[in-house]
Amino acid sequence: MLHTIPNATIKRLALYRRCFIELYDKGIKRVQSGELSQRIGVDSATIRRDFSYLGELGRQGYGYEVRTVLEAFNNLLKTEETQHAVIIGIGNLGRALLNYFSSDKFNDLIFKTPVDLIAAFDIKESLVGQQIGNLEVHHLSGLKAYIEKHQITYVILTVPPAAAQKVANSLEGLGIKGILNLSSTVINVAEDIRVHEVDLNMELETLFFYVLQKEQGKK
Ligand code: NAD
């Protein structure tokens, strides 16, 4: 099903899901597409078109049942067939992410993410054996065996830029499908691994450019 969804819609799906999780959290049972549009800044027609990929979800004038939409997302994302992930590099950022993903909230079926973080790795001996969030830090030397034993398919990379490519190279040929690269540098890996780059500094720069462009347009 996912392969028939346009890329632009896929990018918005996580945004919709987050918005519905927030509504669910607040005890809101139903939402109109106009209201949704205001909340997330996507026009109603686009929302209706995007939601058509999730199946029959809303009736004209009735809006969307929050729980039904969340269940449809879970079906689409196959959250019951959770994939396993590890995080590599447990410094400031890795530690913050570990604490975030340890929230009990992610055990709730509705909030469940399709990728479950199950182990943490670092090269620093002093970190090995420490419990951060609800996971224990392992030494990097055990990574390959761990990936093979636990059928790890995703990796979150939070190592310093200078270490990122070397770590990425070591992940090839182990069945890894995706790397979420937060290490502030570009990495190159075999084509069968999808890399998703996240860099807050770049996001801030992009925001800055949009604001600048808007301000210059006014002059
Ligand atoms: P840090 O120095 O606090 O932590 C890095 C950790 O990686 C350390 O614990 C270190 O022992 C470990 N490490 C080093 N080499 C390793 C290797 N080969 N294998 C496994 N572990 C290794 O750094 P930080 O502040 O947590 O930042 C980590 C990375 O995240 C940096 O690249 C930084 O630029 C980046 N960063 C990205 C964003 C973002 O938005 N993407 C935000 C902040 C920081």
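No hydrogens, no waters, no symmetry mates; every other heavy atom, side chains included, goes into these values. Each ligand, and each atom within it, is numbered from 1 in the order the structure gives. Model, not experiment: these values are computed from the prediction.
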> What do you reckon, does Leu127 have a nitrogen or oxygen under 3.5 Å from a nitrogen or oxygen of ligand 1?
no

> Looking only at side chains, do Glu71 and Asn75 share a donor and an acceptor under 3.5 Å apart?
no

> Regarding ligand 1, does Asp122 bring an N or O atom to under 3.5 Å of one of the ligand's N or O atoms?
yes

> Heavy atoms of the protein only: does one fall short of 4.0 Å from atom 2 (O) of ligand 1?
no

> Is the side chain of Ser102 donor-acceptor paired with the backbone N or O of Asn134 at a distance under 3.5 Å, no angle test?
yes

> Can you report which non-hydrogen protein atom sits closest to atom 41 (N) of ligand 1, along with the distance?
Val198 O, 2.7 Å

> Polar-atom distance check: Leu140 versus ligand 1, any N or O pair below 3.5 Å?
no

> Taking atom NE2 of His196 as the centre, report whether more than 12 heavy atoms of other residues, nucleotides or ligands fall under 6.0 Å from it.
no

> May I ask you to identify the nearest protein heavy atom to atom 39 (C) of ligand 1, giving residue, atom name and distance to one decimal place in Å?
Leu200 N, 3.6 Å

> For the side chain of Arg30 and the backbone of Tyr62, is there at least one donor-acceptor N/O pair under 3.5 Å apart?
yes

> Thr158 side chain to Ile88 main-chain N or O, any donor-acceptor pair under 3.5 Å?
yes

> Identify, for atom 44 (C) of ligand 1, the protein heavy atom at the shortest distance, and state residue, atom and that distance.
Leu93 CD2, 3.8 Å

> At less than 4.0 angstrom from any non-hydrogen atom of Val167, what atoms of ligand 1 do you find?
17 (C), 18 (N), 19 (N)

> Is any N or O atom of Ile88, backbone or side chain, closer than 3.5 Å to an N or O atom of ligand 1?
no

> Report the part of Ile90 in contact with ligand 1, treating N, CA, C, O as backbone and CB onward as side chain, heavy atoms under 4.0 Å; options are side chain, backbone, both, neither.
backbone

> Would Ala163 count as being in polar contact with ligand 1, using the rule that some N or O on each side must be under 3.5 angstrom apart?
no

> Which residue supplies the protein heavy atom nearest to atom 31 (C) of ligand 1, what is that atom called, and how far is it?
Val159 O, 3.6 Å

> How close does the nearest protein non-hydrogen atom get to atom 4 (O) of ligand 1, and which residue and atom is it?
Gly91 CA, 3.1 Å

> For atom 33 (C) of ligand 1, grab the closest protein heavy atom and report residue, atom and distance to one decimal in Å.
Ser184 OG, 3.6 Å

> For a side-chain hydrogen bond (donor to acceptor under 3.5 Å, both in side chains) check, start with the C-alpha distance between Gln165 and Asn169, then their side-chain angles and the critical distance, and finish with the verdict.
CA-CA 6 Å; Gln165 186 60 55; Asn169 290 345; 2.7 Å; yes

> Tell me, which protein residue and heavy-atom name are nearest atom 14 (C) of ligand 1, and how many Å apart are they?
Pro160 CD, 3.3 Å

> On the 0 to 90° scale, with breaks at 30° and 60°, tag the Phe73-Phe51 ring pair as parallel, tilted or perpendicular.
perpendicular

> Below 4.0 angstrom from a heavy atom of Pro161, which ligand 1 atoms are there? Numbered from 1 as shown, please.
31 (C), 32 (O)

> Would you mind checking if Glu22 and Lys26 are paired as a salt bridge, meaning a charged N to carboxylate O distance below 4.0 Å?
no

> Is the closest N or O pair between Leu182 and ligand 1 shorter than 3.5 Å?
yes

> Pick, from Ile123, Leu204, Leu97, the option with the minimum heavy-atom distance to atom 15 (N) of ligand 1.
Ile123

> Which ligand 1 atoms does Ser183 reach within 4.0 Å, using its non-hydrogen atoms?
32 (O)

> Donor-acceptor pair, distance only, cut-off 3.5 Å: does the side chain of Ser37 make one with the backbone of Ser33?
no

> Does atom CD (Gln38) have a neighbourhood of more than 12 heavy atoms from anything else shown, all under 6.0 Å?
no

> Parallel, tilted or perpendicular: which fits the ring planes of His138 and Tyr146, with parallel below 30° and perpendicular above 60°?
tilted

> Write down the atom of Ile176, the atom of Tyr154, and the distance for their closest heavy-atom approach.
CD1-N, 4.5 Å

> To the nearest 0.1 Å, how far is atom 25 (O) of ligand 1 from its closest protein heavy atom, and which atom is that?
Asn92 ND2, 3.4 Å

